[in-house]
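Report on the structure given below.
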Amino acid sequence: GRAARRRAAPGMSASPPAALAGIEIAEAGGSLATRVCARLLSGLGARVARVASGAPPRGDRLDVTGEGRVPALTGAPSVWLTDEAGAPLPDAARDGACIVTSISALGRERASLGERASELALQARGGLMAVTGEAGGAPQPVRVPVAAMLGGLVAAPATLAALRHSRLGGGAQAVEICLLEVLAGQLRAQAALVFDGRADGYRAGSRHPVCAPWNAYRAADGWAVLCSASAAQWRALARCIAPALAEDPRFASVEQRRRDVDALDGLIGEWTRRLRVAEIVARLEAADVPVGPVATVEQLHRAAQAGAPRGVADALRSPVRYRPHPAVGSGGRRASTR
């Protein structure tokens with residue numbers, strides 16, 4: 001069976017070409033956000049070179065996929081990827097001859113006026129600090145550059161959409177990513193409650209503002225995070241803990257579970273403390289309940305010492321995978337294989 005699965009279907013290539021083969025990208029910024037975006041696009045086969053601000057992509061340039069140097073791009077880039085430090089753009093980019101993806105803290109127009117915002121300012125203004133920290137405590141920043149990381153993650157599929165639009169004859173586009181909007185967009189669950197009149201009380205540790213149970217729970221040898229976003233997941237979780245819990249009228253609806261979340265977390269915590277993290281993960285994964293271990297600082301340190309990627313951008317790869325698929329057209333006729 002395993003050998004058969006490895007064999008390609010008739011007329012199909014075992015290794016399809018990369019999705020972005022032939023696409024050349026000039027990264028004229030150098031921020032973490034542009035590096036994350038470039039890293040993801042290069043993972044899909046695009047050729048990426050970092051260039052000086054506004055300079056043509058000629059001569060050897062630093063390759064964002066490593067620490068070596070790569071030859072010059074073969075021609076005019078398909079995409080200019082820039083940040084607040086990347087202006088001014090070359091004439092070809094300004095004239096719409098290629099796609100321009102710009103990533104800035106407050107939007108390109110405000111960046112052109114000299115307005116800037118630090119990572120901490122973005123976390124505060126974007127609402128992230130309103131949900132980070134202990135219940136009743138002070139706002140807390142996230143001590144990793146989440147705005148830049150998320151901005152790069154959003155910029156990559158936005159650039160893919162612009163490339164497809166161009167391939168279909170729609171012409172080049174300017175893609176603008178505003179990090180403040182990216183951060184605010186992560187708080188969709190809280191936004192619904194804000195519009196419903198709730199003004200505060202969003203700092204709740206690892207709990208979810210809408211779903212329950214959803215938290216980090218202490219185990220016999222560490223911590224595990226488990227989630228239930230549906231009634232089916234709640235019943236499956238409850239049956240793993242105690243069959244009678246799934247029928248407990250106190251927790252029949254998500255509204256009741258949210259209202260009595262302290263009692264519910266207490267019951268779940270009693271169960272998790274008797275088990276090792278690996279046991280919790282194995283049991284809940286078998287029941288299709290979202291669950292995962294919480295890595296300790298020591299585990300992360302050991303992973304780094306063992307040769308894990310050096311930085312955030314280097315740790316990223318494209319989440320998209322392509323493989324040959326025997327597509328069949330109408331009447332049984334074999335169609336495209338990609």
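Just so it is clear, the model here is predicted, and its values are computed rather than measured.
Residues Trp214 and Leu226 do not share a hydrophobic cluster, clusters being chains of Ile/Leu/Val/Met/Phe/Trp/Tyr side chains in contact below 4.5 Å. In the hydrophobic cluster analysis, where Ile, Leu, Val, Met, Phe, Trp and Tyr join through side-chain heavy atoms closer than 4.5 angstrom, Leu32 is grouped together with Val144. Under the 4.5 Å side-chain contact rule for hydrophobic residues, Val294 and Ile268 do not share a cluster. With hydrophobic clusters built from ILVMFWY side chains whose heavy atoms lie under 4.5 angstrom apart, Val225 does not share a cluster with Val277. Linking Ile, Leu, Val, Met, Phe, Trp and Tyr residues whenever their side-chain heavy atoms come within less than 4.5 Å places Leu187 and Ile177 in a single cluster.
With Ser102 contributing its side chain and Glu176 its backbone, the two residues share no donor-acceptor pair below 3.5 Å. Side chain of Gln123 to backbone of Val142: a donor-acceptor contact under 3.5 angstrom is found. Side-chain atoms of Gln173 never come within 3.5 Å of backbone atoms of His165 as a donor-acceptor pair (strictly under, hydrogens ignored). Using a distance-only test at 3.5 Å, with no hydrogens or angles considered, no donor-acceptor pair links the side chain of Glu181 to the main chain of Cys178. Distance alone, capped at 3.5 Å, is enough to place a donor-acceptor pair between the Thr159 side chain and the Ala155 backbone. In terms of modelled atom types and a separation under 3.5 Å, the side chain of Arg203 and the main chain of Gly137 share a donor-acceptor contact. A donor-acceptor distance shorter than 3.5 angstrom exists from the side chain of Gln256 to the backbone of Pro249, with no hydrogens or angles considered. Arg274 places a side-chain N or O within 3.5 Å of a backbone atom of Glu270 that can act as its donor or acceptor partner. The backbone N or O of Tyr217 sits nowhere less than 3.5 Å from a side-chain atom of Asn215 that would complete a donor-acceptor pair.
What you find for Arg276 and Ala219 is that their closest heavy atoms are C-CB, 4.3 Å. Nearest heavy atoms, Ala224 versus Ile280: CB-CG2, 4.3 Å. Listed here is the closest heavy atom pair of Gln233 and Val289: O-CG2, 3.9 Å. A pairwise comparison of heavy atoms in Val175 and Ala162 identifies CG2-CB, 3.8 Å as the closest pair. The two residues Leu179 and Ala147 make their nearest non-hydrogen contact at CD2-O, 3.6 Å. Counting all heavy atoms, side chain and backbone alike, Ala216 lies closest to Ser206 at N-CB, 3.8 Å.
For the pair Pro293 and Trp223, the minimum side-chain heavy-atom distance is 4.5 Å or more. Under the 4.5 Å side-chain criterion, counting only non-hydrogen atoms from C-beta, Val254 is not in contact with Arg259. Between Leu160 and Leu20, some side-chain heavy-atom pair lies under the 4.5 Å cut-off. In this structure the side chain of Arg257 never reaches within 4.5 angstrom of the side chain of Asp265, judged on heavy atoms. For the pair Thr82 and Thr101, the minimum side-chain heavy-atom distance is 4.5 Å or more. Arg258 is not listed as a side-chain neighbour of Leu264, based on a closest heavy-atom distance of 4.5 Å or more. A heavy-atom distance below 4.5 Å is found between the side chains of Leu237 and Pro213. Here the side chains of Val79 and Val100 are not in contact, with every heavy-atom distance at 4.5 Å or above.
Relative orientation of the Trp234 and Phe251 rings is perpendicular, given thresholds of 30° and 60° on the angle between their planes.
A side-chain donor from one of Thr34 and Glu27 sits under 3.5 Å from a side-chain acceptor of the other.
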side-chain contact (heavy atoms from CB on, under 4.5 Å) assessment of Arg207 paired with Val261 = CA-CA 9 Å; Arg207 285 175 174 168; Val261 67; 3.6 Å; yes
Candidate pair Val48 and Leu81, rule side-chain contact (heavy atoms from CB on, under 4.5 Å), full reasoning = CA-CA 10 Å; Val48 183; Leu81 178 59; 6.0 Å; no
Show your reasoning for whether salt bridge (Lys or Arg N to Asp or Glu O under 4.0 Å) applies to Arg35 and Asp83.
-> CA-CA 10 Å; Arg35 291 207 65 191; Asp83 58 18; over 6 Å; no
Criterion side-chain contact (heavy atoms from CB on, under 4.5 Å) on Val146 and Leu122, from CA distance to verdict | CA-CA 10 Å; Val146 291; Leu122 288 171; over 6 Å; no
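With salt bridges taken as basic N to acidic carboxylate O contacts below 4.0 Å, none links Asp221 and Arg273.
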